[in-house]
Amino acid sequence: MNTLIKPALRQLKRYPVFSLINLGGLAIGIAASFILLVYTQRELSTDHHFRDADRIARIGTDFFQLGPFAFSQPMLRPLAIASCKDVEDATGFDTKSDPVRTNRQDRAFTGIISYLIDSSFFHVFSHEAAAGALPQNGLAPGQAILSASQAQKFFGGKQAVGQTIYVGKDLTPYTVVAVLKETFAKSTIDPQLLLPQPRRTAEETSSWWNVKTYNYVKLKPQGSLAGLNAWLERLRQKVVYPASGSTDTYAQWKTKGTSVFFYTEHLTDIYFHSNLKFDDNPGGNLTQVQLLSAISILLILLAIINYINLVTARSSIRAKEIGLKKTFGAPRRTLIAQLLKESLLFSTLAMLLSCGLIQVILFLYQYSTGAALTGPIPFLSANYLWLILFSVAIGLLAGIYPAIYLTGFRAGLTVRSTAGSGRNTPRLRNSLVTLQFAIAIGLLFVSLVVYSQLQYMKNKDKGFRSDGVILLQDVQALNNLDITRKFQTLRHLIDQQSQVTSTSLCAGAPTGSTLMRGSYRTAAMQKEVLLQTFPVDERYITTLGLHLTDGRNFDKNLLSDTNSLILNESAVAAMGLFKPIGALLNGSERVIGVVKDFNYTSLRDKIGPAVLRFSPQGNSILAIHIAGGHPAAFLDWLQQTEQNILPGENLETSFIDDNFGRLAAKEKLLGQAISFFTVLAILLATLGLIGLTLFTIERRTKEIGIRKVLGAGNGNILRLISGNFIRLALIASAIALPLSWWLIHRWLDNFAYRVTINAGLLLLTEGLILSIAFIVIGALTLRALAANPVKNLRTE
Amino acid sequence: MIKITELQKTYRTEEVETIALNKLSFEVKEGEFVSVMGPSGCGKSTLLNILGLLDDPDGGSFLFNGIEVAHFNERKRADLRKRNIGFVFQSFNLIDELTVFENVELPLIYLGVKGPERKQRVEKVLDKMQIMHRRNHYPQQLSGGQQQRVAVARAVVNNPKLILADEPTGNLDSSNGNEVMTLLTDLNEQGTTIIMVTHSEHDSRYSHRIIRMLDGQTVTENILI
Ligand SMILES: Nc1ncnc2c1ncn2[C@@H]1O[C@H](COP(=O)(O)OP(=O)(O)OP(=O)(O)O)[C@@H](O)[C@H]1O
Ligand SMILES: [Mg+2]
């Protein structure tokens with residue numbers, strides 16, 4: 001070991017900059033790609049950690065073309081257990097987000113999603129307890145289970161088991177019987193609070209149009225999704241169809257929009273592939289995961305290239321040592337082994353360094369993007385075994401070429417061989433540098449495109465005012481007259497605030513997830529169409545800044561306007577109206593205005609048709625537009641006033657652009673991750689370039705001196721040193737730009753509204769990379785030139 | 001052509017201060033062939049570097065063709081140098097990555113001479129040095145004597161008025177050394193001024209005059225002719 005470490009240390013001492021660049025580069029590469037590896041692994045194995053995860057499936061449903069929904073009918077569970085031969089067990093849970101108190105007098109915790117579970121929940125979804133014991137056959141009335149993070153929030157360091165929590169407005173007490181163990185694994189089943197499912201009501205156990213339960217079944221080992229589907233089909237025919245009271249035949253009924261449909265999917269497919277509405281968890285994005293794994297591979301490739309380049313670059317120095325050893329009779333195998341060991345030692349060092357760097361990079365990531373990429377990577381778990389294997393592999397991979405290359409010289413010749421051939425064109429090094437440039441250029445280009453797409457989405461005219469609009473939501477106001485009255489009072493007070501320019505009561509903002517479909521048909525149409533409908537009052541258009549392009553707004557003094565509609569342009573087109581104003585829909589509803597298209601989903605999708613329906617009463621969302629852009633004071637006042645008028649009531653406040661932002665959250669994560677790791681990749685490539693340039697200058701010191709003596713100016717020397725690199729960078733762009741252009745186009749195709757990639761972006765990429773290269777090479781060359789060239793000659 | 005008066009050069013390192021040139025004065029006329037001799041470390045190479053405008057003196061005056069150049073900046077020195085001075089070194093200082101032809105061509109490139117003319121001039125001088133047949137070889141493929149001939153060729157290709165040679169035969173055996181000395185004598189006869197540093201009394205006999213140095217000062221000047 002000593003014979004290994006000593007030379008290594010000597011190398012470090014003799015070439016400190018060189019060795020540190022090499023070591024640092026490798027460590028950054030290992031750390032960054034390890035993080036991405038863990039991230040993508042975690043994403044890809046979402047939900048795989050449940051016992052028999054591949055046998056778990058979810059049943060969704062749809063009717064009236066409202067869905068398809070991720071949840072379905074509460075009665076499916078008992079039916080499936082009783083009569084589906086493919087099903088071993090089934091569980092159905094409802095969710096709610098009641099306020100929770102740990103003390104009757106304390107302020108409530110809000111925004112907590114609780115699952116109301118039945119006796120099969122733990123049979124289907126295996127969980128472990130961090131404290132207490134999990135009641136495997138479900139919770140008894142009055143019992144509750146907390147997630148580890150929720151227990152921490154509620155009780156801090158205190159023992160949570162045995163404590164009482166008070167749920168909802170009527171402060172129903174529950175005793176905590178267990179705390180779930182936290183896992184690093186990601187899951188779409190992510191409850192913060194588990195409560196027992198109350199007895200199902202008669203309505204719940206009889207109506208096929210009552211859907212709110214997330215139904216999961218566990219198939220028998222020999223069961224299959226196809227079997228489940230077949231059973232559901234029989235259920236439709238034998239049970240649902242008779243219950244619908246339809247006069248159609250079953251064959252007619254089963255394809256109609258008014259029919260009930262079922263959708264099944266494997267649990268392990270849900271995260272990436274499910275497209276159902278009211279999925280509790282935002283799904284993953286496979287393209288994104290693929291892109292980030294590609295980046296992880298590119299990063300490690302960069303680090304390995306750096307290593308190979310710097311080691312072979314220094315081969316002239318090592319060649320002498322190796323040659324001498326060969327002359328004294330060391331067999332080639334021994335020499336290869338020696339060099340491989342050195343490389344392994346090196347990658348082990350780099351790995352140790354990267355353990356620290358992983359934390360640094362995660363911290364920097366969170367610091368620069370404001371969001372965590374993964375949870376903290378658990379220390380000393382299987383992950384770190386990966387890390388060790390990973391770095392051993394890298395050590396071998398990075399060491400094998402230099403080892404074979406260096407030991408390949410013929411013994412006697414070695415001392416002269418490097419220069420003997422005259423021009424020693426390092427063809428491999430040139431290709432590797434080109435590859436490195438190509439990676440940097442490709443990544444930079446891709447991240448610039450992603451960035452501009454995100455900017456574009458942020459700035460695109462959505463057809464409504466997206467900043468300065470606050471939404472105040474009161475779910476209770478829908479069915480409680482007293483609260484409705486007080487809500488009105490609150491609105492009058494808000495209207496009197498000087499900052500507030502306009503308010504509107506509506507049943508849906510453009511960014512809400514509320515689905516309201518109305519059916520519409522003109523006299524000329526065979527069938528009605530279902531269109532997104534927004535019940536609004538007469539101040540909706542002003543408050544949200546929609547653009548009225550034709551006709552007029554609703555008028556609250558006109559009694560007839562309760563039967564009036566305002567359409568967006570897409571709806572006009574969908575209905576095929578040439579003269580929309582005055583047109584009659586559904587026989588009695590008159591179109592009185594047209595607004596410009598406004599986007600009510602993500603920009604991934606094309607703007608759909610939408611209908612505004614005059615509905616001055618019974619709306620539960622108050623949209624408030626405030627002028628100025630300093631909402632803090634207003635929000636404080638709002639909270640105070642709210643407490644006075646509607647004490648105990650929990651009004652949800654949100655900004656409309658936040659809501660829209662949430663729709664774009666997935667893309668945002670991708671943008672952040674790509675730019676962050678692109679910067680790292682460019683840093684790695686720059687490190688490599690610094691190392692190579694230093695090496696080149698060192699190797700050519702004498703030549704630079706001679707050329708200076710012979711009359712070369714600094715410009716000549718700069719051109720000499722940078723020429724080759726710049727040439728390689730240009731070759732690299734010729735390869736990387738078209739390739740990444742093609743790749744990123746496929747990503748952009750996912751968007752209905754997307755930026756066009758122009759030459760400017762290409763030039764920007766090229767310019768950035770070339771400037772970095774030129775600055776690095778220029779600075780190092782000028783530094784070398786600042787020393788008297790004659791001194792260079794003297795060193796000979 | 002060259003007149004230096006009370007030239008001074010001091011090297012300062014962290015521990016020691018070395019006076020390499022101590023109020024050195026002498027004159028070299030156009031067309032002369034002068035040897036500089038003296039024990040190792042007496043400042044010969046330092047002198048040559050200053051005469052060659054590669055380094056600047058700390059004090060004293062240096063007239064080159066009647067112009068005071070002691071305080072020229074780097075750019076002016078470089079310009080004067082590449083037009084007027086050629087160098088020959090003990091260790092040849094050829095560029096390993098370039099062929100014989102390309103090595104000799106370099107000074108002309110930096111002078112801005114056009115391609116065809118360059119080719120013609122390089123070929124002429126290679127012919128004169130009798131290494132034309134080696135034009136496409138790399139320095140490492142040549143013997144020491146051949147390498148030094150290439151170096152001489154490179155030094156004279158731009159027709160300099162002055163050639164500075166620092167122990168041009170130091171790395172050569174006697175027959176190769178004599179060959180190089182003959183080359184230099186020929187050049188001198190055609191009008192080039194030569195200043196040569198040497199340890200060899202034999203070589204010094206090719207020159208007109210010997211300047212003997214000790215501790216940065218001239219002690220004697222022998223006129224040989
Ligand atoms: N860059 C330098 N830094 C410090 N001292 C130097 C430097 N260059 C030369 N010297 C010192 O200046 C003195 C003169 O050096 P110089 O190279 O001119 O000697 P020289 O006469 O050419 O010797 P030699 O015959 O061995 O080539 C020596 O003492 C040397 O150590
Ligand atoms: Mg000397």
Side-chain angles (χ1 to χ4, degrees), chain A residues 313 315-317 319-320 409 412-427 429-430 695-721 723-724 781-796, chain B residues 9 11 20 45-46 48-56 74-113 136-142 151 154-155 157-158 160 164 166 171:
Chain A
S315 61
S316 46
I317 299 157
K320 209 165 180 173
F409 297 134
L413 280 176
T414 310
V415 183
R416 279 185 68 171
S417 70
T418 45
S421 57
R423 223 173 289 248
N424 85 73
T425 359
R427 195 171 313 148
R429 196 181 313 146
N430 275 348
F695 167 77
T696 308
I697 290 173
E698 188 186 290
R699 192 173 52 94
R700 298 178 90 165
T701 305
K702 184 184 140 204
E703 181 188 340
I704 292 173
I706 298 171
R707 285 178 186 263
K708 284 289 287 192
V709 168
L710 294 180
N714 285 359
N716 293 105
I717 303 294
L718 209 57
R719 223 171 300 143
L720 180 75
I721 301 291
N724 191 40
T781 308
L782 288 181
R783 196 188 67 144
L785 283 174
N788 198 331
V790 187
K791 283 191 192 125
N792 294 344
L793 274 192
R794 278 221 188 112
T795 57
E796 174 65 2
Chain B
K9 181 72 182 178
Y11 290 112
S45 296
T46 306
L48 224 54
N49 280 332
I50 291 175
L51 293 182
L53 298 166
L54 295 172
D55 208 352
D56 46 359
E74 166 69 21
R75 176 185 283 275
K76 277 184 168 170
R77 274 194 275 137
D79 198 57
L80 203 61
R81 183 170 68 223
K82 70 179 171 190
R83 284 173 204 292
N84 297 296
I85 307 175
F87 292 88
V88 180
F89 302 90
Q90 174 178 2
S91 54
F92 324 137
N93 278 338
L94 297 175
I95 296 175
D96 291 337
E97 283 80 12
L98 302 182
T99 60
V100 165
F101 185 93
E102 289 163 343
N103 263 290
V104 177
E105 190 185 22
L106 265 188
L108 297 180
I109 292 179
Y110 294 137
L111 267 180
V113 178
N136 288 326
H137 285 73
Y138 289 96
Q140 297 284 323
Q141 298 166 319
L142 303 179
R154 187 179 63 182
V157 72
N158 58 344
L164 300 172
D166 197 345
N171 282 0

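Quick note on labels: first sequence line is chain A, next is B, and so on, each numbered from 1. Atom set for the values below is all heavy atoms of this structure, side chains included, hydrogens, waters and symmetry mates excluded.
- Atom CZ in A:Arg707 sits 8.0 Å away from atom CG in B:Asn103 (nearest 0.5 Å).
- In terms of heavy-atom proximity, B:Arg81 sits nearest to A:Lys708 at NH2-O, 3.0 Å.
- By the 4.5 Å heavy-atom criterion applied to side chains, B:Phe89 and A:Val709 are counted as neighbours.
- A search for side-chain contact (heavy atoms from CB on, under 4.5 Å) contacts involving B:Gln90 returns B:Glu167, B:Asn171, not counting sequence neighbours.
- Ranked by heavy-atom pairs shorter than 4.5 Å toward chain A, the options B:Ile85, B:Asp79, B:Leu106 are led by B:Leu106.
- Atom-to-atom distance recorded for B:Ile95:CD1 and A:Lys702:NZ is 8.5 Å, nearest 0.5 angstrom.
- Only the side chain of B:Arg154 comes within contact range of chain A, with at least one heavy atom under 4.5 Å from a heavy atom of that chain.
- Taking all atoms of both residues into account, the shortest heavy-atom contact from A:Leu710 to B:Tyr110 is O-CD1, 3.8 Å.
- Looking at B:Leu94, the atoms closer than 4.5 Å to chain A (heavy atoms on both sides) all sit in the backbone: N, CA, C or O.
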